[in-house]
Amino acid sequence: MSRPNPPGASPGRFRFLFVLILSLLALAAAILASLAVGAVRLGPAAVADSLLAIIGGAERDATATIVFDLRLTRALLACAVGASLAVSG
């Protein structure tokens with residue numbers, strides 16, 4: 001037996017929202033992984049500390065420079081290129 005749907009809701013909408021949320025979580029995980037992996041291996045705590053230091057306006061050390069100037073720009077550019085390719089078909 002199928003579950004009854006709330007009024008105004010279709011099963012396709014719930015599936016769309018589920019896939020959208022799952023895709024956004026996978027994108028966030030991929031971005032975080034790309035911030036940690038490189039020539040200089042950084043742990044998740046170092047990446048988080050660097051991002052918080054950048055947001056908080058604290059003095060940037062070498063780790064924050066690596067994360068912000070190199071890896072974050074690479075990750076955001078990869079997202080923009082992926083979105084462009086998805087739109088183009």
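Just the heavy atoms: all of them, side chains too, but no hydrogens, waters or symmetry mates, feed the values below.
- Residues passing the side-chain contact (heavy atoms from CB on, under 4.5 Å) test with A64 are S50, I54, R60, D61, sequence neighbours excluded.
- Taking hydrophobic clusters as Ile, Leu, Val, Met, Phe, Trp and Tyr residues chained together by side-chain heavy-atom distances below 4.5 Å, L70 does not share a cluster with L32.
- In this structure, CD1 on I21 lies 7.5 Å from CG on L25, to the nearest 0.5 angstrom.
- No side-chain heavy atom of R71 sits under 4.5 Å from any side-chain heavy atom of V37.
- For the side chain to side chain contact (heavy atoms under 4.5 Å, CB included) with T65, the qualifying choice from V67, T63, D69 is D69, the only one to do so.
- Residues L27 and C79 share a closest heavy-atom pair of CD1-SG, 3.7 Å.
- Cluster annotation: V40 is connected to L72 through the hydrophobic network of ILVMFWY side chains, with a link wherever side-chain heavy atoms come within less than 4.5 Å.
- When hydrophobic clusters are built by joining Ile, Leu, Val, Met, Phe, Trp and Tyr residues whose side-chain heavy atoms come closer than 4.5 Å, directly or via intermediates, L35 is not grouped with L52.
- Residues that satisfy the side-chain contact (heavy atoms from CB on, under 4.5 Å) test with V87, not counting sequence neighbours, are absent from this structure.
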